[in-house]
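Reading through the C-alpha cells given below for one structure.
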Amino acid sequence: MVSAIGRSSLREGAVRPRGYGSRLRRTPVGALLVVQAAMAFLRKMLITVALLGAGAGVGLALLAIVTPGEQRKQEMLKEMALQDPRSREEMAKTQQLLVATLQEAATTQENVAWRKNWMVSEGGAGGRSP
C-alpha cells in the first residue's frame with residue numbers, strides 16, 4: 001500500500017503501533033534467556049533438595065525403627081561373653097599364661113615363637129634357638 005507521500009506502510013521504517021509485540025522486541029533476548037536459565041536452575045535445585053531431604057527422612061525413620069530400646073540393650077549386655085563368669089575366668093587365665101610366656105621369653109635365649117604350643121613351657125625341648 002502506498003501512501004500519498006510515497007512511502008509504503010509495509011517497509012522497514014514504517015511506524016508500528018505500540019503493543020505487545022513492540023515491548024517484546026525492546027526486551028533484550030539475552031536477559032530472557034538468563035531469567036529462564038535461572039528459573040530452570042532454581043527448579044532443579046528445589047527438586048534435588050526435596051529428594052535429598054526425603055532420603056534423609058527415610059533413613060532416619062529406618063534407623064529409629066531398627067535401633068533397639070533401652071530394655072533390649074540391657075538384655076544384649078547380659079548376653080555378651082564378658083558378662084559370663086566362666087568366660088571372664090577363662091580370659092583371665094589366658095592373660096596370665098600369656099604374661100608368663102612373655103616373661104619366660106624375656107629371661108631365656110630360646111625362641112618361644114617356634115614352639116608348637118607356646119602357651120606351655122617346654123623347657124628348651126623342641127624349640128629352635130636363634
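These numbers come from the heavy atoms of this one structure, side chains and all, not from hydrogens, waters or symmetry mates.
Note that OG1 of Thr67 is 10.0 Å distant from CG of Leu60, once rounded to the nearest 0.5 Å. Interatomic distance, CD of Glu104 versus CG of Leu97, reported as 11.0 Å (0.5 Å rounding). To the nearest 0.5 Å, the span separating CD1 on Ile47 from CG on Leu42 amounts to 10.0 Å. Interatomic distance, CG of Leu98 versus CD of Gln96, reported as 11.0 Å (0.5 Å rounding).
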- Task: Check step by step if side-chain contact (heavy atoms from CB on, under 4.5 Å) holds for Met39 and Arg43.
- Result: CA-CA 6 Å; Met39 293 294 282; Arg43 183 174 4 117; 5.6 Å; no
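When all heavy atoms are compared, the tightest approach of Met76 to Pro68 is SD-CG, 4.5 Å.
Salt bridge Glu89/Arg86: absent, no basic N to carboxylate O contact under 4.0 Å.
Other residues, nucleotides and ligands place more than 12 heavy atoms under 6.0 Å from the CD atom of Glu75.
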